[in-house]
Amino acid sequence: MHNGYARYRVQLLKLGIELSEVRPKLGQKRARFHPFRSSNASLHAKALVIDQKTVFIGSMNMDARSARTNSELGLVIRSAEIARQVTSLLDDISADGSYRLQLVGHSNQIEWSSGEPGAEKTWYSDPETTRLQRFTLKVLAPFAPEELL
């Protein structure tokens with residue numbers, strides 16, 4: 001849930017965690033993603049690489065609610081070689097179809113940048129959203145119970 005994650009972005013970035021957010025449409029077209037390049041971005045599978053040697057791949061969300069109530073699952077693989085391959089794939093996805101998040105200087109201000117060389121753009125609020133959408137998310141955020149995130 002975006003509201004649950006959004007409240008932690010600044011803290012995660014301050015801890016040195018690299019964050020990328022999927023763009024609604026892919027940027028540059030890459031042969032590696034040929035079957036998906038003409039559609040709007042849609043992400044259901046989750047992939048996570050930890051310390052360049054452990055990989056999680058699955059459909060399960062990384063939250064307590066999903067672990068308790070959903071019938072989705074994930075696979076944990078301890079292999080540096082598979083971790084390297086998944087990292088390479090995630091890097092390609094990030095370069096082509098996501099925004100990179102970082103803090104502006106030592107502030108709590110987040111900036112989003114597209115990964116398209118030569119045509120890089122920067123935003124200082126959630127890209128491709130309206131003021132009304134951002135306002136609505138801010139109003140609803142307190143109602144997203146932490147235990148269900």
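In this text the structure is predicted, and so the values were computed from the model without any measurement.
Taking the six-membered ring where the residue is Trp, the centroids of Trp123 and Tyr99 are separated by under 6.0 Å.
Of the inter-residue distances, the one linking Gln85 atom CD with Ile77 atom CD1 reads 10.0 Å to the nearest 0.5 angstrom. Note that the OG atom of Ser79 and the NZ atom of Lys53 stand 12.0 Å from one another [nearest 0.5 Å]. Rounding to the nearest 0.5 Å places NZ of Lys138 at 14.0 Å from CD of Gln133. One distance of note links CG of Leu13 with CG of Leu19; it measures 4.5 Å at 0.5 Å rounding. Here Ser107 contributes atom OG and Lys14 contributes atom NZ; the two are 8.0 Å apart, rounded to the nearest 0.5 Å.
For the residue pair Arg134 / Thr129, a side-chain donor-acceptor distance below 3.5 Å is found, with atom types taken as modelled.
Shown here for Gln11 and Arg7, the closest heavy-atom pair between the two residues is OE1-O, 3.9 Å. Across all their heavy atoms, Ala83 and Val49 have their closest contact at CB-CG1, 3.9 Å.
Between Tyr124 and Thr122, some side-chain heavy-atom pair lies under the 4.5 Å cut-off. In this structure, the side chains of Trp112 and Asp126 come closer than 4.5 Å at one or more pairs of heavy atoms.
Val86 is connected to Leu75 through a chain of hydrophobic side-chain contacts under 4.5 Å among Ile, Leu, Val, Met, Phe, Trp and Tyr, so both are in one cluster. The hydrophobic clustering, which links ILVMFWY residues whose side-chain heavy atoms are closer than 4.5 Å, places Leu103 and Tyr5 together. Linking Ile, Leu, Val, Met, Phe, Trp and Tyr residues whenever their side-chain heavy atoms come within less than 4.5 Å leaves Val104 and Ile110 in two separate clusters.
Other residues, nucleotides and ligands place no more than 12 heavy atoms under 6.0 Å from the CD atom of Glu18. Counting non-hydrogen atoms of neighbouring residues, nucleotides and ligands closer than 6.0 angstrom, the CD atom of Glu81 exceeds 12 such neighbours.
For Arg9 and Glu21, the salt-bridge test passes: some basic side-chain N is under 4.0 Å from an acidic carboxylate O.
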Check the pair Ser113 / Lys121 against side-chain contact (heavy atoms from CB on, under 4.5 Å), numbers first and verdict last.
-> CA-CA 6 Å; Ser113 58; Lys121 292 183 181 178; over 6 Å; no

List the steps and the verdict of side-chain contact (heavy atoms from CB on, under 4.5 Å) for Thr54 and Val76.
-> CA-CA 7 Å; Thr54 302; Val76 175; 3.8 Å; yes

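With hydrogens and angles ignored, the 3.5 Å screen pairs no side-chain donor or acceptor of Ser88 with any backbone N or O of Arg84.
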